[in-house]
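In this text the structure is predicted, and so the values were computed from the model without any measurement. Just the heavy atoms: all of them, side chains too, but no hydrogens, waters or symmetry mates, feed the values below.
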Amino acid sequence: MVGLNVADYVSTRAALKYDGLAETNPLMKPFVKNPAAFAAIKFGTTALSYLSMKAIFKSTRTFAWVMTTASNALLSYVVVNNVRMIQGARAR
């Protein structure tokens, strides 16, 4: 989870350097232009996710594993999409 959030941060920052590429998540859009604010939000959401999954894991392990897997799959998609967008922008 931590690695995927770092990859999302790095790939998003790299993508924003290209004309025509922009943050599409309306919740993150106000923060991505400020590297410190974006890093703080990514750190906070990562910590919150970790603590939430840890608490859920204590009561329902199966549900915690399902939620962690789904969360990681979604974030993996986001990172792959960022990389594809960067490659497309470079090819122009």
Problem set entry | Over all atoms of both residues, closest heavy-atom pair of A22 and L16 |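 Smallest heavy-atom distance, with atoms named: CA-CD2, 3.9 Å.
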
Exercise answer: donor-acceptor pairs, residues 26-34 side-chain atoms, under 3.5 Å, sequence neighbours excluded:
residue, atom, partner, partner atom, Å
N34, OD1, A36, N, 3.0
N34, OD1, A37, N, 3.1

Problem set entry | By side-chain hydrogen bond (donor to acceptor under 3.5 Å, both in side chains) - contacts of T68 (at least two apart) |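 By the side-chain hydrogen bond (donor to acceptor under 3.5 Å, both in side chains) rule, T68 matches no residue at all.
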
For this session: Enumerate the residue pairs fulfilling ring pair (Phe, Tyr, Trp, His ring centres under 6.0 Å) with a member in residues 1-22, sequence neighbours excluded, ordered by first and then second residue.
Result: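 Qualifying pairs, neighbours excluded: Y9-F38.
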
For this session: May I ask whether L4 and V10 are part of the same hydrophobic cluster, defined by side-chain heavy atoms of I, L, V, M, F, W, Y residues being less than 4.5 angstrom apart, directly or through others?
Result: no

Exercise. Counting only heavy atoms not in N25, do more than 12 sit closer than 6.0 Å to its CG atom?
Worked result: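 Counting other residues, nucleotides and ligands, CG of N25 exceeds 12 neighbours.
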
Show which side-chain atoms of residues 47-65 pair as donor or acceptor with protein atoms under 3.5 Å away, not counting sequence neighbours.
residue, atom, partner, partner atom, Å
S49, OG, T45, O, 2.9
S52, OG, L48, O, 2.8
S59, OG, I56, O, 3.2

Identify every side-chain donor-acceptor pair in residues 70-86 under 3.5 Å, counting partners at least two apart or on other chains, and give the distances.
residue, atom, partner, partner atom, Å
S76, OG, N72, O, 2.7
N81, OD1, R84, NH2, 2.8
N82, ND2, D8, OD1, 3.2
N82, ND2, S11, OG, 2.9
N82, ND2, T12, OG1, 3.1

